[in-house]
Amino acid sequence: MQRKLLVTGGAGFIGSHVVRRLVARYPSYQILNLDALTYAGNLENLRDVEASPNYQFVHADITDEAAMDRVFADHVADAVIHLAAESHVDRSILDPLSFIRTNVLGTAVLLNAARKHWAGRSDVLFYHVSTDEVYGSLGDIGFFTEDTPYDPRSPYSASKASSDHLVKAYHHTFGLPVVISNCSNNYGSHQFPEKLIPLMIHNIVQRKPLPVYGEGLNVRDWLWVEDHAAAIDIVFHKGRLGETYNIGGFNEWKNIDLVHLLCRIMDRKLQREAGDSASLITYVKDRAGHDRRYAIDASKIQCELGWSPSLQFEEGLERTVEWYLAHPEWVEHITSGSYADYYQRQYIHR
Ligand code: NAD
Ligand code: TDX
């Protein structure tokens with residue numbers, strides 16, 4: 001079957017894995033990657049697919065109404081996988097409005113364009129890729145299910161919750177065919193080194209302090225990014241319209257335990273003495289409003305669509321470390337310029 005598929009945010013971390021997978025697996029699809037190339041978007045992430053005949057890139061901002069109208073008119077896309085977003089919680093604390101602009105307004109602009117250009121069509125799909133953070137924070141027990149009430153607590157998660165609500169509202173009010181997935185923390189190659197795992201790898205290589213927020217006891221559920229891309233592929237093709245699917249790794253870690261595991265792997269890979277990397281661990285002021293624990297119950301996508309994670313966490317972390325150590329030029333390019341400014345600012349609030 002032929003499809004014209006618009007992927008937003010395809011130059012970012014998860015988006016680039018999604019684009020790479022779809023380009024390789026579906027040669028009869030036309031895949032259009034739309035990205036504004038913010039500090040987090042990097043076309044180097046897609047060098048290996050850019051010459052593929054079923055791949056195209058368009059440089060555009062999802063908040064730009066006229067540009068989105070043109071993209072839908074010119075490319076006659078029949079499906080959207082929407083990943084473009086501001087994605088880092090710490091940045092949302094420093095600058096909430098940029099999150100409202102891209103994540104809320106940008107999603108509304110895309111929904112409007114889809115609604116206008118898809119009027120009367122049922123063979124179309126708007127797929128919104130979202131986060132488990134919309135559900136709020138858990139205590140020591142329990143899991144987020146698709147029925148957990150929304151309770152976002154950071155500007156980032158509030159903006160993602162708003163965009164989820166808009167997607168559902170366009171489904172209920174206008175009959176737009178939609179599907180949503182809410183995923184836990186991803187890790188893997190090509191992740192911008194402001195998020196926990198690549199930041200720690202970067203700092204260990206450079207023998208810089210490893211900033212652990214608060215007491216390091218917050219818990220996250222980690223998923224290999226390629227397993228998330230596989231889940232997105234399945235939800236896109238088999239998900240029921242109007243439904244939400246939770247995606248998670250069944251893999252909870254306290255931050256401090258994860259950082260110690262990473263330190264042990266790094267000591268081995270860098271042939272440093274055992275304990276060398278862990279000596280860099282520095283407890284710093286906690287993140288404002290820091291959610292205590294996230295944990296996903298992914299049984300719906302498992303039972304209904306047959307997806308489950310493929311990779312053990314230790315194996316995935318090893319592969320991630322190997323990728324970063326083998327690609328110092330990627331880290332060098334992406335951490336120059338605007339990132340350097342941010343890195344400075346980030347340390348001011350601690
Ligand atoms: P990322 O920050 O690495 O990439 C975001 C991409 O969106 C970048 O390529 C950026 O250039 C692009 N973008 C930003 N603003 C834009 C705009 N106004 N117009 C067009 N493009 C724009 O993010 P990520 O970690 O790959 O996350 C992708 C999506 O998945 C986001 O919607 C995020 O909320 C969601 N998500 C992320 C995680 C995670 O652990 N990283 C987990 C669950 C859900
Ligand atoms: O330097 C750090 N020190 C630290 O202790 C950083 C960057 C983070 N942390 C802690 C905060 C969190 O408890 O590590 C945990 C993970 O932090 P992040 O990597 O910033 O991820 P998180 O805030 O959990 O959000 C991520 O998962 C859900 C993504 O950034 C979101 O886009 C996604 O929706």
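Order of appearance sets the numbers: ligands from 1, and atoms from 1 within every ligand. By convention here, the first residue in the shown sequence is residue 1.
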For [atom], which protein heavy atom lies nearest, and how many Å away is it?
atom                    : answer
atom 34 (O) of ligand 1 : Y156 OH, 2.7 Å
atom 43 (C) of ligand 1 : C183 O, 3.3 Å
atom 28 (C) of ligand 1 : L83 O, 3.5 Å
atom 21 (N) of ligand 1 : A36 N, 3.1 Å
atom 40 (O) of ligand 1 : N186 N, 2.9 Å
atom 25 (O) of ligand 1 : F13 CD2, 3.7 Å
atom 4 (O) of ligand 1  : G12 CA, 3.5 Å
atom 11 (O) of ligand 1 : D35 OD1, 2.5 Å

I need the atoms of ligand 1 closer than 4.0 Å to a non-hydrogen atom of [X], numbered in the order shown.
X    : answer
G41  : 8 (C), 9 (O), 11 (O)
N185 : 40 (O)
A40  : 2 (O), 8 (C)
V129 : 30 (O), 32 (O)
T102 : 15 (N), 16 (C), 18 (N)

*asked:* I'd like to know if the side chain of D267 reaches the main chain of R272, judged simply by a donor and an acceptor atom lying under 3.5 Å from each other, with no hydrogens or angles considered.
replied: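 No.
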
Heavy-atom contacts with [X] under 4.0 Å: which atoms of ligand 2 show up? List them by number with element.
X    : value
V212 : 5 (O)
H88  : 20 (O)
V89  : 23 (O)
S87  : 29 (C), 30 (O), 31 (C), 32 (O)
E194 : 7 (C)
K195 : 19 (O), 30 (O)
H290 : 11 (C), 12 (C), 13 (O)
L199 : 1 (O)

Counting only heavy atoms, tell me which of [options] gets closest to [atom].
atom                    : options                : result
atom 5 (O) of ligand 2  : Y213, W253, Y156       : Y213
atom 41 (N) of ligand 1 : L34, I247, T8, I14     : I14
atom 10 (C) of ligand 1 : L196, D132, I62, T38   : T38
atom 23 (O) of ligand 2 : R220, E215, R287       : R287
atom 17 (C) of ligand 1 : I232, D61, V58         : D61
atom 14 (C) of ligand 1 : A85, A84, G9           : A85
atom 3 (N) of ligand 2  : P211, C183, P193, P209 : P211

Measuring from the heavy atoms of [X], does anything fall under 4.0 Å of ligand 1?
X    : result
S184 : yes
Y187 : no
S130 : yes
A60  : yes
L37  : yes

*Are a donor atom and an acceptor atom from the side chains of S87 and K195 found within less than 3.5 Å of each other?*
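Yes, K195 and S87 have a side-chain donor paired with an acceptor closer than 3.5 Å.
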
*asked:* Can you confirm whether the side chains of Y156 and E86 place a donor and an acceptor under 3.5 Å from each other?
replied: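 No donor-acceptor contact under 3.5 Å links the two side chains.
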
*State whether E252 and R293 are salt-bridged, where the test is any N-O pair (Lys NZ or Arg NE/NH1/NH2 against Asp/Glu carboxylate O) under 4.0 Å.*
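The answer is yes: the pair qualifies as a salt bridge.
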
*Carboxylate-amine/guanidinium proximity below 4.0 Å for R268 and E318*: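 A salt bridge is present here (some side-chain N lies under 4.0 Å from a carboxylate O).
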
Ligand 2 and [X], any nitrogen or oxygen pair closer than 3.5 angstrom?
X    : value
N255 : yes
N218 : no
W222 : no
E133 : yes
D132 : no

*Give a yes/no verdict on a cation-pi contact between R220 and Y187, requiring under 6.0 Å between NZ or CZ and the six-membered ring centre and an angle within 45° of the axis.*
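Because its charged atom misses either the 6.0 Å distance or the 45° angle limit, R220 does not stack over Y187.
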
*If we only count N/O pairs under 3.5 Å, is S87 in contact with ligand 1?*
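N/O-N/O distance under 3.5 Å: yes.
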
_Geometry only, no angles: is K160 polar-contacting ligand 1 at N/O separations under 3.5 Å?_
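K160 vs ligand 1: N/O contact under 3.5 Å present.
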
*Indicate yes or no: at least one non-hydrogen side-chain atom of Y127 is less than 4.5 angstrom from one of V235.*
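Yes, their side chains come closer than 4.5 Å.
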
*Assign the ring pair F13 / H17 to parallel, tilted or perpendicular, where the plane angle (0 to 90°) is split at 30° and 60°.*
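Taking H17 first and then F13, their aromatic rings stand perpendicular (interplane angle over 60°).
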
_Ring-plane angle category for W118 and F126, please: parallel below 30°, perpendicular beyond 60°, tilted otherwise._
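Perpendicular.
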
*asked:* Let me check something: do L311 and I234 share a hydrophobic cluster, defined by ILVMFWY side-chain heavy atoms less than 4.5 Å apart, either directly or through other members?
replied: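 Different clusters.
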
_D227 vs W307, test: side chain to side chain donor-acceptor pair (under 3.5 Å). Steps then yes/no._
CA-CA 9 Å; D227 279 334; W307 173 89; 5.1 Å; no

*Give the C-alpha distance, both sets of side-chain angles, the deciding distance and a yes or no for side chain to side chain donor-acceptor pair (under 3.5 Å) between Y170 and N112.*
CA-CA 9 Å; Y170 273 64; N112 262 345; 2.8 Å; yes

*Apply the side-chain hydrogen bond (donor to acceptor under 3.5 Å, both in side chains) test between T107 and each candidate in H82, H165, K160; give the one that qualifies.*
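Of the listed residues H82, H165, K160, the side-chain hydrogen bond (donor to acceptor under 3.5 Å, both in side chains) partner of T107 is H82.
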
*Those residues that, when tested against D276, pass salt bridge (charged side-chain N to carboxylate O under 4.0 Å, His left out) (two or more places apart)*: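 Counting only residues at least two positions away or on another chain, D276 forms a salt bridge (charged side-chain N to carboxylate O under 4.0 Å, His left out) with R207.
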
*Might you work through the salt bridge (Lys or Arg N to Asp or Glu O under 4.0 Å) test for R287 and D90, ending with a clear yes or no?*
CA-CA 7 Å; R287 172 185 280 173; D90 291 329; 2.7 Å; yes

_Pair H237 and Y26, ring centroids less than 6.0 Å apart_ =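 Under 6.0 Å, so yes.
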
_ligand 2 contact by K160, heavy-atom criterion under 4.0 angstrom_ =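 So K160 does not count as touching ligand 2.
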
*What closest approach, in Å, do E314 and W253 show between heavy atoms, and which atom pair accounts for it?*
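Reported closest heavy-atom pair: OE2-CZ2, 3.8 Å.
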
*asked:* If you count heavy atoms of other groups shown closer than 6.0 angstrom to CD of E215, is the number above 12?
replied: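 Result for CD/E215: open.
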
